[in-house]
Amino acid sequence: MEEFRICVFASGSGTNAEKIIQYFQNRKTAAVVLVITNKPDAQVIERARLLHVPCEVFSKNDLADTQKVDDVLHLHKITHIVLAGFLLQVPTRLIRLFPGRIINIHPSLLPKFGGKGMYGIKVHEAVKAAGETETGITIHEVNEHYDEGKIIFQANCPVLPTDAPDQIANNVQQLEHTHFAREVEKWVMRHPVGTD
Ligand code: GAR
């Protein structure tokens with residue numbers, strides 16, 4: 001059994017979840033052993049199934065007000081949580097259960113274009129509207145405030161005057177797929193259980 005057992009939380013398509021699962025299927029450092037989603041129709045469910053990773057669906061209420069998620073994380077001996085397009089706020093209860101061992105990816109250069117309601121294409125539309133000449137990705141620790149935890153990694157890409165939000169989204173997704181899994185691995189190795 002791997003020393004590090006990752007659970008990926010995702011609400012939507014799950015392309016990042018898929019990349020991270022595939023990356024660790026070829027590594028011995030850690031494994032993605034569980035996916036959690038809050039959307040019963042999220043595409044990530046099928047992606048996880050095809051890669052033979054169990055996926056559990058929990059409602060917003062389950063997450064916020066019950067122990068169900070905690071119990072399933074315990075059952076799977078999860079050591080680290082990675083949010084990959086997870087759109088609900090992580091409750092303080094879980095942050096305390098995994099101190100310093102939850103990270104998130106955000107599709108902009110935080111602190112710019114972060115906060116509640118800023119996700120997916122909305123972020124790229126705001127980048128475009130603000131006339132930014134560059135954007136990128138931020139990987140950060142999760143705390144009680146949306147997009148405000150300690151920044152672990154950033155990478156950037158240019159925004160050309162001709163780039164529509166869709167194009168910006170494609171460029172940012174490329175950055176995510178290039179960097180996220182590798183940065184998760186480095187972060188996990190730096191944050192073994194019991195050192196926080
Ligand atoms: C990613 O671009 C991720 O950065 C973003 O959701 C997308 C999920 O894509 N997260 C946020 O906006 C969080 N505020 P995916 O489902 O294809 O991995």
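Note that ligands are numbered from 1 as they come in the structure, with each ligand's atoms numbered from 1 the same way.
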Query raised in the report: For the side chain of His80 and the backbone of His191, is there at least one donor-acceptor N/O pair under 3.5 Å apart?
Result: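 Between the backbone of His191 and the side chain of His80 there is a qualifying donor-acceptor contact (under 3.5 Å).
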Query raised in the report: Quick one: does Lys150's side chain have a donor or acceptor within less than 3.5 Å of a partner on Val142's backbone?
Result: no
Query raised in the report: Which distance, rounded to the nearest 0.5 Å, do you find between the CD of Gln154 and the NE2 of His140?
Result: 10.0 Å
Requested in this report: Identify, chain by chain and in numerical order, each protein residue with a heavy atom under 4.0 Å from an atom of ligand 1.
Outcome: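 Ser13, Gly14, Thr15, Asn16, Gly85, Ile105, His106, Pro107, Met118, Tyr119, Gly120, Glu176.
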Requested in this report: Scan side-chain atoms only and decide if Ser13 and Arg47 contain a donor-acceptor pair under the 3.5 Å cut-off.
Outcome: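 Judged by distance alone, the side chains do pair up.
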Report task. Using only heavy-atom distances, determine whether the side chains of Thr15 and His177 contain a donor-acceptor pair under 3.5 Å. Result -> yes
Query raised in the report: So, are Arg49 and Glu46 salt-bridged, with charged N and O less than 4.0 Å apart?
Result: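 Yes, this pair counts.
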